[in-house]
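Before any comments, here is the structure.
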Amino acid sequence: MVTVVALAKRRVAEASWVGVQVLAFSLSYWLMSVNRAVLLWFPLWRLIDDVVSSRPRTRGWMVVGGIIAAAALVIQGVWAWLYFTGRWAS
């Protein structure tokens, strides 16, 4: 999806970067490092920034952003707990 959106926005280099990684992991049998590879998809974070930056700064969007931030903190806490208890492998 990131590759398609980047191509639609004419960001060919970013689409190529993500597309090659998706292709490599699609053809590979080793899935243990997919989670780390997604962190290298900087075009995803740029696309999220484009969406967030284009939204008006109203009270409703601030509440939605707060809910998303709270959910992200809870998920990070669960992942940290799984890591520290030895159950972190994907």
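Computed from heavy atoms alone, side chains included, the values below leave out hydrogens, waters and symmetry copies.
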Quiz item: CG/L47 to CZ/F42 distance, rounded to the nearest 0.5 angstrom?
Solution: 10.5 Å

Quiz item: Side chain of T85, backbone of L82: donor and acceptor closer than 3.5 Å?
Solution: yes

Quiz item: To the nearest 0.5 Å, what is the distance between CD (Q21) and CG (L23)?
Solution: 11.0 Å

Quiz prompt | Cluster check L7, V22: I/L/V/M/F/W/Y, side chain < 4.5 angstrom | solution = no

Practice problem: Say whether W45 and V2 are linked into one hydrophobic cluster, either directly or through other cluster members, by side-chain heavy-atom distances under 4.5 angstrom. | Solution: yes

Quiz item: Which value, rounded to the nearest 0.5 Å, describes the distance between T3 atom OG1 and L44 atom CG?
Solution: 10.5 Å

Quiz item: So how far is it from R11 CZ to R46 CZ, rounded to the nearest 0.5 Å?
Solution: 4.5 Å

Self-check item: More than 12 heavy atoms from other groups under 6.0 Å of OH on Y83
Solution: no

